[in-house]
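Along the sequence shown, residues carry numbers from 1. As the structure lists them, so they are numbered: ligands from 1, and atoms in each ligand from 1.
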Amino acid sequence: MYNELNETKASPFQEVNIGYTTKEAINEAKRCLNCKNPLCVQGCPIDHNIPGFINQLSMGNIGAAMQILNEKSNLPAICGRVCPHEKQCQGHCILNKKGNPVNVGKLERFIADFDSNMLLTKEKLVPKNRGKVAVIGSGPAGLTVAGDLARQGFNVVVFEWQKEPGGVLMYGIPEYRLPKEIVRREVKKIEALGVTFINDCRVGDQITVDAMLEREFDAVFIGSGTSVPKTLTVPGITLYRVLQSSYFLRMVSLYNSGGINRAAVPLIEGEEVAVIGAGNVAMDTARTAIRMGAKKVNVVYHRTIEEMPALQTEYNEAVEEGVNFLWETNTLEFVGENNTLKAIRVEDPEGEKLIPMNRVLIAVGSKPANRIVSTSLGIEVNEVGYVITKDLPYGMTTRKGVFAGGDVVHTPQTVVLAMKEAKMVSKGIAQYVDAVKLLSLSE
Ligand SMILES: Cc1cc2nc3c(=O)[nH]c(=O)nc-3n(C[C@H](O)[C@H](O)[C@H](O)COP(=O)(O)OP(=O)(O)OC[C@H]3O[C@@H](n4cnc5c(N)ncnc54)[C@H](O)[C@@H]3O)c2cc1C
């Protein structure tokens, strides 16, 4: 149970998975067989040269290992922590046949952390004379586009709605899985490439895409993610103490960073909590609720355990920390008194039940907001609100010069998939800006 572990820990939000020591990392790297046809690379969405960086690490060349990581990723310390390695690189490692795959993610994390702590590598700054690009949103997609374009000689300005850059990395994924200092450190590295960040600026309100293109920018990238949470259509959904998990996670993150006080976090110690949904966001919500002092946390899911969308490791850790799971349980109604939640009415294979409950946190997905596209001309979205893009130039929307990528373009996925797409879009943006400049020279 988490509470027993907690007594020996400084903070309940301390990082759960501890990194390698140098000796452990090198020993783990030495286990890599350096396969001729490395399956791990096939499992990596951004085609990292995994045997390459592991081989350098195994010889103690951590700077050289970092240079290999930098070739494909702007966020290795983050991917090393939050990528679903069990399905990707590690899941494809040939040593799975012996039940002991190389722990690729933990090695990636070790190299990135070591490099930052020891200030090993420093990237060369290139002159910014190829054009000016506005990036909207600073999640993994926006950060990747910003970093890649800055390295290629573009002047990049990032416009971010929140007080700090990072998107879901900063305000969604909890501190105990991804410490916010790590996110800040990775953002600083992108800033050091010459990227400007304008925070606390909501595009669509303070500035529009039209204005960006009219004034100074050659192209705009929309990486605004999915900020509108989906909800349930059941009676009692508007009761006090029934709220969205995204709001809860954001408030906890702000509390942990010292931005708000404890009373502003929507969970009172000792409450019994129901989390609706069983994806990774639901696991994060349940485990965060336990850390904020909930007496009992129940994950309520209408399907079976086999159909749960959460990663097995996330589920296992939630179980270890004492989260209770109600499978094949349909939520029928939130029952209140004086407009405040008192219970949830559910139906499981045994029939209907009323379970007393102090708080409900809904984690059933999210979709894009329409603030950016509704305040500018010609950017079309599909019937669900995802921005429509094309393949040539890659990532361009129905409006010339406006590109999009990451979760705003397709159903929410993962950090590394948002990065993968953003890398392709940054190439599309570079091609577009170069072509427009060439054409204007020939006019
Ligand atoms: C709680 C949670 C846990 C997750 N855990 C994992 C995990 O462990 N591993 C994993 O791989 N994936 C995980 N994911 C999914 C992953 O985080 C997303 O797929 C990824 O962040 C998408 O990146 P993005 O850049 O497209 O969008 P986001 O990260 O959502 O970033 C969008 C940014 O745009 C900004 N923005 C929005 N509108 C505007 C506007 N009008 N003006 C200016 N800025 C704006 C937002 O503030 C935000 O900073 C998790 C998601 C959540 C919600």
Side-chain angles (χ1 to χ4, degrees), residues 17 45 74-75 78-88 105 134-146 157-178 183 187 197-209 212 220-229 244-250 252-253 275 277 279-288 309-311 313-314 317 361 363 365-376 386-387 404-422 425:
N17 296 314
N74 290 286
L75 308 168
I78 291 168
C79 286
R81 285 172 164 85
V82 304
C83 270
H85 304 111
E86 67 197 60
K87 285 191 178 167
Q88 299 177 353
V135 169
I136 305 172
S138 62
L143 291 175
T144 300
V145 167
V157 181
V158 179
F159 295 84
E160 169 54 50
W161 173 9
Q162 300 297 329
K163 282 199 161 37
E164 281 195 82
V168 171
L169 308 174
M170 185 52 84
Y171 294 107
I173 303 179
E175 177 82 20
Y176 64 86
R177 286 207 296 121
L178 178 61
V183 181
V187 169
F197 284 85
I198 300 179
N199 301 328
D200 240 336
C201 174
R202 185 151 68 165
V203 177
D205 295 346
Q206 280 113 308
I207 184 168
T208 62
V209 171
M212 288 172 171
V220 174
F221 171 75
I222 304 174
S224 49
T226 52
S227 53
V228 177
Q244 286 291 344
S245 62
S246 54
Y247 176 71
F248 169 68
L249 288 172
R250 191 156 72 84
V252 174
S253 176
V275 176
N280 291 321
V281 177
M283 300 304 129
D284 281 345
T285 306
R287 297 173 67 190
T288 300
L311 281 176
T313 46
E314 296 290 319
E317 288 175 17
L361 300 169
S366 54
K367 57 183 186 175
N370 73 353
R371 184 171 282 102
I372 298 169
V373 294
S374 65
T375 51
S376 286
Y386 291 99
V387 176
D407 281 0
V408 75
V409 165
H410 42 60
T411 48
Q413 293 187 342
T414 58
V415 169
V416 73
L417 287 171
M419 286 167 59
K420 175 187 176 170
E421 188 164 286
V425 180

### Message
Could you go through Gln206 and Trp161, starting from their C-alpha distance and side-chain angles, then the distance that decides it, and tell me whether this counts as side chain to side chain contact (heavy atoms under 4.5 Å, CB included)?
### Response
CA-CA 10 Å; Gln206 280 113 308; Trp161 173 9; over 6 Å; no
Do [X] and [Y] have side chains that approach each other closer than 4.5 Å (heavy atoms only, starting at C-beta)?
X	Y	value
Val135	Phe197	no
Val275	Ser245	no
Met212	Val203	yes
Asn74	Met419	no

Looking at non-hydrogen atoms alone, which of [options] comes nearest to [atom]?
atom	options	answer
atom 31 (O) of ligand 1	Ala422, Pro140, Gly139	Gly139
atom 47 (O) of ligand 1	Glu160, Met419, Gln88, Glu421	Glu160
atom 18 (C) of ligand 1	Thr375, Val168, Asp407	Asp407

May I ask you to check whether [X] has an N/O atom sitting below 3.5 Å from an N/O atom of ligand 1?
X	result
Val203	yes
Ala141	yes
Gly405	no
Thr226	no
Ile173	no
Arg371	no

At less than 4.0 angstrom from any non-hydrogen atom of [X], what atoms of ligand 1 do you find?
X	value
Gly172	1 (C)
Gly223	32 (C), 33 (C), 34 (O)
Gln413	15 (C), 19 (O)
Arg202	41 (N), 42 (N)
Phe159	43 (C), 44 (N)
Gln162	47 (O)
Leu249	1 (C)
Val82	7 (C), 8 (O), 9 (N), 10 (C), 11 (O)

Work out whether the distance between some heavy atom of [X] and some atom of ligand 1 is less than 4.0 Å.
X	value
Cys201	yes
Val281	yes
Ser138	yes
Gly204	no
Arg81	no
Ser227	no

Starting at [atom1] of [X], measure out to [atom2] of [Y] and round the result to the nearest 0.5 Å.
X	Y	atom1	atom2	result
Ile173	Arg81	CD1	CZ	11.5 Å
Met283	Thr288	CE	OG1	12.0 Å
Ile136	Ile198	CD1	CD1	11.5 Å
Glu160	Ser224	CD	OG	10.0 Å
Glu421	Gln413	CD	CD	7.5 Å
Leu75	Leu169	CG	CG	6.5 Å

[X] and ligand 1 - part of the residue with a heavy-atom distance under 4.0 Å:
X	answer
Arg177	side chain
Asp284	side chain
Ile372	side chain
Ile136	side chain

How close do [X] and [Y] get, counting heavy atoms only, and between which atoms?
X	Y	answer
Val187	Pro165	CG1-CG, 3.9 Å
Thr414	Pro84	CG2-CG, 4.3 Å
Pro140	Ala418	CB-CB, 4.3 Å
Gly80	His85	O-CE1, 3.2 Å
Val158	Gly137	CG1-O, 3.9 Å

